[in-house]
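The structure appears below as structure tokens.
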Amino acid sequence: MENVFETLKERGFIQQCSNEERVANLFAEKQVTYYVGFDATAVSLHVGSLVPIMAMAHLQRAGHTPIAIIGGGTTMIGDPTDKTEMRPMISAEQIEANGAGILEQLQRYLKLDNRAGRFLNNAEWLLSLNYIEFLRDIGKHFRVNEMIRAEGYRQRLEREMGLSFLEFNYQLLQAYDFLHLFQRYGCALQLGGDDQWGNILAGVELVRRIEGKRVHAMTFPLLTTAGGAKMGKTAGGAVWLDAQRTSPYQFYQYWINTDDRDVARFLAYFTFLPMEEVRRLGRLKDEESREAKAVLAYETTKLAHGASEADKAQAASRTAFGGGGMDLEAIPTSAIAANRLHTGIPIMELFHEVGLATSRSEARRLIQQGGAYINEKQYRAIDTVVDAKLLEENALLLRAGKKRYHRVVQK
RNA sequence: GGGGGUGUGCUUGAGCGGUCAAAAAGGGCAGACUGUAAAUCUGUUGGCUACGCCUACGGUGGUUCGAAUCCAUCCGCCCCCA
């Protein structure tokens with residue numbers, strides 16, 4: 001079997017590495033325990049976390065042991081790295097709840113049964129730290145002059161934002177995590193986004209000073225779409241891995257709407273397809289690239305939500321955009337009382353009510369600008385009244401713009 | 001503790017006491033064009049019981065016929081000194 005390191009490299013996962021050769025050998029020589037920290041500020045992970053997740057999955061498939069940690073302790077501080085503002089602090093209970101959701105999602109990609117892999121909350125060891133001891137044992141190993149040279153801190157220091165002492169300690173805590181995981185589980189490698197490079201190295205350094213052992217760091221490139229947007233952000237907000245927050249259909253649509261220029265890269269990152277296949281799909285041009293996008297969308301959805309959901313999403317997407325009717329299952333639907341429909345509802349009110357417009361004024365603009373459709377027929381008159389006569393098979397299919405649909409049924 | 005500065009809509013950022021729902025850019029949304037892509041062009045971008053009304057320029061009070069614009073005070077942030 002080929003070295004996972006090569007696999008990761010070929011697929012574009014590796015941005016920086018403390019020492020390429022050593023890390024590559026490490027994987028070849030023995031089973032490696034590695035860790036990645038996840039942000040616990042939300043109940044669900046989103047598409048942006050998929051890079052580390054996929055990297056972890058590749059490694060686990062090659063027989064190595066992942067540890068996913070959520071920052072129960074560190075999240076309560078807020079990571080200043082590359083943030084223009086301080087992150088909001090959240091409560092321990094909230095983090096606990098978020099952790100449960102995150103674990104569930106990770107388990108679709110990773111085996112975290114405390115043998116093949118682990119899921120830990122760093123609150124477990126951080127909360128019991130004693131300040132004096134921490135300063136004495138850990139704090140003495142850090143040089144402030146080095147720390148403030150880090151890009152993230154420097155920006156905060158130079159701009160007017162300021163940096164609180166609390167946030168400044170983030171790096172120490174993250175380094176301490178690494179030390180702890182090394183001591184307790186023999187964890188020898190930390191992975192993270194490239195913005196974490198400095199923090200990860202701080203951990204490497206700390207382990208070296210205290211334990212005299214060499215551990216390693218590896219970072220992933222920070223992904224943005226070709227359009228310059230952050231991964232996983234859309235107009236409607238983040239694209240979550242949680243089916244409750246982002247339906248498998250929406251998830252599928254996110255991927256199928258990928259910019260042409262990103263398709264090949266994304267296939268390598270977000271699917272397990274062999275690289276030959278990835279390259280073949282990546283070579284498709286113009287209209288043909290839709291095939292590649294369909295594969296990307298299907299594979300990613302399958303990983304996140306399972307094959308049957310992926311099939312459904314794919315079918316829904318095809319009928320919706322392939323000229324056929326919509327797959328009714330996939331469209332958000334709301335019920336409206338029959339008598340209201342018989343009386344008639346002003347079109348503005350209807351679009352607002354079902355959430356296709358956030359206010360009546362927005363609905364008004366939408367309609368006036370020709371973006372409002374009922375049963376695929378455009379309505380531009382704001383005084384249109386929608387009543388039961390427009391029902392088709394007992395339902396109305398509302399559309400705002402090109403892609404946002406909503407179905408209304410009688411109650 | 002002392003001194004100076006700053007706080008505007010989703011973001012950045014203009015803003016003479018009336019003509020400011022607030023310039024400009026970015027972002028968003030919609031339309032045209034398209035391949036459910038990109039680029040481009042056009043329109044639009046606080047709310048409402050809608051040619052009018054309401055809410056908004058950190059909070060609270062005040063001056064004024066009238067305040068985002070002036071004053072006081074409080075809060076947050078930044079810089080310098082201690």
Side-chain angles (χ1 to χ4, degrees), chain A residues 78 80 83-86 88 154-167 224-231 233-239 247-267 281-298 300-301 313-327 330-331 345-349 351-353 355-374 376-383 385 398-406:
Chain A
K83 298 288 184 303
T84 40
E85 273 169 64
M86 215 173 136
R154 203 173 57 205
Q155 275 182 20
R156 288 284 294 269
L157 288 170
E158 281 170 8
R159 288 186 190 171
E160 65 260 36
M161 294 298 180
L163 177 72
S164 71
F165 181 68
L166 186 84
E167 296 170 274
T224 50
T225 65
K230 263 198 184 146
M231 240 351 253
K233 295 281 187 232
T234 63
V239 178
S247 72
Y249 174 72
Q250 290 171 306
F251 190 83
Y252 184 93
Q253 287 298 314
Y254 173 77
W255 294 104
I256 210 153
N257 282 319
T258 299
D259 192 308
D260 284 11
R261 294 166 288 181
D262 292 325
V263 178
R265 265 195 319 148
F266 287 4
L267 281 165
L281 290 166
R283 275 194 297 271
L284 297 175
K285 285 280 176 289
D286 303 324
E287 287 194 55
E288 289 187 318
S289 70
R290 277 184 302 166
E291 182 195 335
K293 292 181 191 180
V295 174
L296 174 66
Y298 182 78
T300 49
T301 309
Q314 186 178 56
S317 179
R318 283 194 176 147
T319 45
F321 293 97
M326 286 295 291
D327 177 345
I331 317 171
I345 302 171
I347 187 166
M348 270 165 47
E349 202 170 313
F351 272 77
H352 177 216
E353 199 172 315
L356 288 174
T358 56
S359 69
R360 298 168 126 265
S361 296
E362 192 179 301
R364 166 189 293 267
R365 283 192 290 272
L366 183 75
I367 295 157
Q368 285 175 334
Q369 292 178 128
Y373 299 79
I374 299 176
E376 297 306 324
K377 182 170 179 298
Q378 190 183 57
Y379 285 82
R380 300 191 77 129
I382 53 166
D383 50 5
V385 174
L398 308 186
R399 192 177 112 212
K402 288 189 184 81
K403 297 176 194 169
R404 287 152 56 220
Y405 284 92
H406 196 99

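Keep in mind that the numbers below use all heavy atoms, side chains included, and drop hydrogens, waters and symmetry copies.
- For the C1' atom pair drawn from B/A56 and B/C10, the interatomic distance equals 15 Å after rounding to whole Å.
- No N or O donor and acceptor, one from the side chain of A/Gln369 and one from the base of B/G31, sit under 3.5 Å apart.
- Note that the CG atom of A/Asp259 and the OG atom of A/Ser289 stand 9.5 Å from one another [nearest 0.5 Å].
- Spacing of P atoms, B/C57 relative to B/A67, comes out at 13 Å, to the nearest Å.
- If you take CZ of A/Arg265 and P of B/A37, they are 19 Å apart, rounded to a whole angstrom.
- Across the C1' atoms, B/C65 and B/G15 are found 23 Å apart, a figure rounded to whole Å.
- Between A/Leu366 atom CG and A/Arg360 atom CZ the span is 14.0 Å, to the nearest 0.5 Å.
- Note on A/Thr258: only backbone sugar-phosphate atoms sit closer than 4.0 angstrom, heavy atoms only; bases stay farther off.
- When each of A/Gly371 and A/Lys402 is assigned the nucleotide of RNA chain B bearing its nearest heavy atom, the one mapping closer to the 5' terminus is A/Gly371.
- Looking at heavy-atom distances under 4.0 Å, A/Ala357 makes no contact with the nucleic acid at all.
- We find that CG of A/Asp286 is positioned 20 Å from P of B/C33, with the value rounded to whole Å.
- Two residues are said to be in side-chain contact when any heavy atoms from C-beta on lie closer than 4.5 Å; A/Phe351 and A/Ile374 meet this criterion.
- Nucleotides B/G18 and B/U69 have their P atoms positioned 12 Å apart, rounded to a whole Å.
- The NZ atom of A/Lys293 sits 17 Å away from the P atom of B/U34 (whole-angstrom rounding).
- Of the options A/Arg265, A/Arg290, A/Lys293, a salt bridge (charged side-chain N to carboxylate O under 4.0 Å, His left out) to A/Asp260 is made by A/Lys293 and by none of the others.
- Nearer to the 5' terminus of RNA chain B, by closest-nucleotide assignment, is the contact made by A/Gly401 (compared with the other of A/Gly401 and A/Arg290).
- A/Ile382 places its CD1 atom 15 Å from the C1' atom of B/U44, with the value rounded to the nearest Å.
- With rounding to the nearest 0.5 angstrom, the NZ atom of A/Lys377 is 13.0 Å from the CZ atom of A/Arg399.
- By the 4.5 Å heavy-atom criterion applied to side chains, A/His352 and A/Glu362 are not counted as neighbours.
- Here the C1' atom of nucleotide B/U36 and the CG atom of A/Asp259 are 13 Å apart, to the nearest Å.
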If you write RNA chain B from 5' to 3' in dot-bracket form, with Watson-Crick or G-U pairs under 3.5 Å, [ ] for crossing pairs and | for pairs with another strand, what do you get? (((((((..(((.....[.....)))((((((.......))))))(((...)))...(((((..]....)))))))))))).
Review item, nucleotides 47-53 of chain B N/O atoms under 3.5 Å of protein N/O:
from: B/G47; atom 1: OP1; to: A/Ser359; atom 2: OG; distance (Å): 2.8
from: B/C48; atom 1: OP1; to: A/Arg360; atom 2: N; distance (Å): 2.8
from: B/C48; atom 1: OP2; to: A/Arg360; atom 2: N; distance (Å): 3.4
from: B/C48; atom 1: OP2; to: A/Ser361; atom 2: N; distance (Å): 2.6
from: B/C48; atom 1: OP2; to: A/Ser361; atom 2: OG; distance (Å): 2.4
from: B/U49; atom 1: OP2; to: A/Arg360; atom 2: NH1; distance (Å): 3.1
from: B/A50; atom 1: N1; to: A/Arg364; atom 2: NE; distance (Å): 3.0

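- The side chain of A/Lys403 places an N or O atom within less than 4.0 Å of a non-bridging phosphate oxygen (OP1 or OP2) of B/A37.
- The distance from atom CE of A/Met348 to atom CG of A/Asp383, rounded to the nearest 0.5 Å, is 10.0 Å.
- Counting to the nearest Å, the C1' atom of B/U36 and the CZ atom of A/Phe251 are 17 Å from each other.
- B/U36 and B/G43 are spaced 23 Å apart, taking the C1' atom of each and rounding to whole Å.
- B/U8 and B/G58: their P atoms are spaced 6 Å apart (whole Å).
- Residue-level contact check: A/Tyr252 touches neither bases nor backbone, having no heavy atom under 4.0 Å from any strand.
- Nucleotide B/C51 is shown with a syn base, its glycosidic torsion being within 90° of 0.
- Put simply, CD1 on A/Ile367 is 14 Å from C1' on B/C29, counting in whole angstrom units.
- Taking atom P in both B/U19 and B/U12, one finds a spacing of 26 Å when rounded to whole Å.
- When the side-chain nitrogen and oxygen atoms of A/Tyr249 are compared with OP1 and OP2 of B/U36, none of them lie within a distance under 4.0 Å.
- Distance, A/Glu287 CD to B/A38 P: 15 Å, rounded to whole Å.
- Within the 4.0 angstrom heavy-atom criterion, base atoms lie near A/Ile256.
- Within 4.0 Å of A/Gln253, counting heavy atoms only, lies at least one base atom of the nucleic acid.
- Taking OG1 from A/Thr258 and CG from A/Leu296, the interatomic distance works out to 5.0 Å, rounded to the nearest 0.5 Å.
- Rounding to the nearest 0.5 Å places CD of A/Gln368 at 9.0 Å from CZ of A/Arg380.
- Residue A/Arg399 is out of contact with every strand shown, counting any heavy-atom pair closer than 4.0 Å.
- For the C1' atoms, the distance from B/G47 to B/G9 is 13 Å, rounded to whole Å.
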